[in-house]
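Accompanying notes for the structure given below.
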Number of protein chains: 2
Amino acid sequence: MSDPNAPTESKSARTRSAIIDAALRLFREKGYDDTTMRAIAAEAGVSVGNAYYYFDSKERLIQGFYDRAQVDHAIAARSVLDSETDLARRIIGVTDAWLQTMEPYRQFAGKFFKNAAEPTSPLSPFSPESSPARLAAIELWREVLEGSDTRIPKKLRADLPELIWLYFMGIVLFWVYDPTPDSSATRKVSARTAPLVVRAIGLTRLPVVGGMLDDIVALIGEVRQVFPTTEETT
Amino acid sequence: MSDPNAPTESKSARTRSAIIDAALRLFREKGYDDTTMRAIAAEAGVSVGNAYYYFDSKERLIQGFYDRAQVDHAIAARSVLDSETDLARRIIGVTDAWLQTMEPYRQFAGKFFKNAAEPTSPLSPFSPESSPARLAAIELWREVLEGSDTRIPKKLRADLPELIWLYFMGIVLFWVYDPTPDSSATRKVSARTAPLVVRAIGLTRLPVVGGMLDDIVALIGEVRQVFPTTEETT
DNA sequence: GGTAGGAGTTGAACGTGTTCAACTCCCTTG
DNA sequence: CAAGGGAGTTGAACACGTTCAACTCCTACC
């Protein structure tokens with residue numbers, strides 16, 4: 001239960017990841033719907049029932065996809081993070097890195113989003129189960145901000161990474177609906193909106209806008225209270 | 001095909017709406033997942049196969065829900081639209097009307113949204129199949145704007161109803177995730193953000209903000225090109 | 001009245017995700 | 001070594017959404 005290096009665990013861990021491997025391979029080749037649990041089990045060399053011993057449902061296999069995507073994205077984003085200092089270009093670059101990472105899974109992205117969209121689903125990006133992946137993602141966007149030469153107004157410093165992540169979720173949402181075969185529409189929207197985001201951050205310093213911002217920040221704080229987000233460590 | 005008062009049609013139309021009635025009743029009572037097509041068919045007094053003659057799939061039954069909800073919402077919003085002139089209060093009132101209309105279906109709202117979220121699904125609010133309902137909804141928000149005493153800047157006049165509808169979709173999204181039993185969190189967010197929306201419209205007149213707005217409006221125009229939205233009448 | 005043909009209707013059958021009672025291992029304890 | 005027991009594993013069985021060949025009914029035309 002708390003002994004991660006026990007050799008006992010590695011066997012089951014290997015079975016576990018064999019199932020994810022098989023699942024993702026088949027998802028990529030044939031799409032989500034056309035991949036049956038029987039096929040996944042066969043490909044992984046286990047029985048159907050055994051696959052269900054490790055994963056509650058077919059949807060749960062997508063969580064494995066999530067986690068890997070998150071890691072791959074962080075890797076793909078590295079070069080931009082280390083070389084670029086202009087904020088807008090950092091945002092665009094990191095978004096592009098995501099698009100490249102996701103390309104192979106494009107065709108079943110819709111399905112994966114569909115599952116993520118159901119609030120009661122553990123796959124929802126806002127669910128407790130997704131907390132680690134979400135927090136890691138927000139952390140990535142914090143680095144995007146902090147490594148740039150744009151100065152962030154004090155008021156915003158705490159919440160901005162999460163807000164940018166939300167903006168990015170919007171881009172992802174757009175991508176899911178994007179009918180262009182090479183995601184060019186998404187790339188265009190990203191390239192056009194990122195400078196606007198940066199400008200909006202600047203506008204925050206105007207008194208009128210700043211007043212509105214105070215309201216928004218306060219509202220965000222209150223809303224956070226409503227959701228059970230496992231973040232309070234008291 | 002083009003003879004709506006032919007008595008021939010009314011029989012099948014009656015069967016059709018008997019199925020929707022049965023479906024919505026059961027959805028409300030037992031939730032979406034716990035309602036089987038067999039149960040719906042039995043409740044409607046038809047065979048399973050027959051239900052599939054009228055509706056491609058179980059999901060399609062939700063479209064019927066959509067359409068009715070849209071009509072009910074328009075009715076429920078009437079009194080606010082006819083009595084209130086303050087824009088923020090109009091927005092809040094119309095949103096409240098929606099929340100009241102939807103209350104009975106709250107428990108399966110998540111499911112219905114899940115289905116709507118898949119881009120390839122005809123249930124997506126952006127799909128051609130949903131076009132009529134969507135356009136009707138946008139029309140409702142146009143009335144919200146036009147019946148108010150707030151003057152809308154020229155630049156925005158054409159696109160604002162759709163933008164407000166998008167804002168409202170955001171509220172709906174929040175509602176779907178809202179864990180409070182009486183939707184109080186959603187009501188609060190609505191009450192707090194509506195005045196901000198109104199203020200933001202005002203800010204549009206500032207040169208700096210106006211410049212950004214031009215970019216956004218131009219981008220919206222380009223993005224519209226990408227989607228096959230059946231709206232061009234050439 | 002008879003008949004062709006389409007619209008409407010049926011329920012058995014199929015494929016799928018999921019469950020479960022039973023089984024096999026293998027480690028621990030005496 | 002024996003007994004116990006828990007983790008891991010199995011595939012048949014179940015319930016559901018969906019399909020389809022066959023059927024019935026009704027209308028239109030001669």
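These numbers come from a predicted model, not from an experiment. A note on names: the letters A, B, ... follow the listed sequences, proteins ahead of strands, and every chain is numbered from 1. Just so you know, these numbers use all the heavy atoms, side chains as well, and skip hydrogens, waters and symmetry mates.
- At the heavy-atom level, B:V46 lies under 4.0 Å from the strands shown only through sugar-phosphate atoms.
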With side chain to side chain contact (heavy atoms under 4.5 Å, CB included) as the criterion, how do B:V172 and B:W98 come out once you've worked through the C-alpha distance, each side chain's angles and the decisive distance to 0.1 Å? CA-CA 9 Å; B:V172 170; B:W98 156 275; 3.8 Å; yes
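- If you take NZ of A:K58 and P of C:dG15, they are 16 Å apart, rounded to a whole angstrom.
- B:Y167 and B:W141 have their aromatic ring centers separated by at least 6.0 angstrom.
- With C:dG11, C:dG8, D:dT18 as the choices, the nucleotide that has an atom nearest any side-chain atom of B:S47 turns out to be C:dG11.
- Taking side-chain N and O atoms only, B:Y53 has no distance below 4.0 Å to OP1 or OP2 of C:dT9.
- Distance B:N50 CG to D:dC23 C1': 13 Å, rounded to the nearest Å.
- Residue B:Y52 has no polar side-chain atom (N or O) positioned under 4.0 Å from OP1 or OP2 of D:dC20.
- Taking only side-chain atoms of B:Y54, from C-beta outward, the nucleotide of D:dT18, C:dT18, C:dG8 with the closest atom is C:dG8.
- As a whole-Å value, the separation of B:R14 CZ from C:dG8 P is 13 Å.
- With ring centers used as reference points, A:Y105 lies under 6.0 Å from A:F65.
- Residues B:D72 and B:T101 have side chains that never bring a donor and an acceptor to within less than 3.5 angstrom of each other.
- To the nearest angstrom, C1' of D:dT18 lies 13 Å from CG of B:L61.
- Set against D:dT18, C:dT18, C:dG8, the side chain of B:S57 has D:dT18 as its closest nucleotide.
- A straight line from CD of B:E59 to C1' of D:dC16 spans 14 Å, rounded to a whole angstrom.
- Here the P atom of nucleotide D:dA15 and the CE atom of B:M37 are 18 Å apart, to the nearest Å.
- Taking the nucleotide of DNA chain D with the nearest heavy atom to each of A:R38 and A:G45, the more 5' of the two is matched to A:G45.
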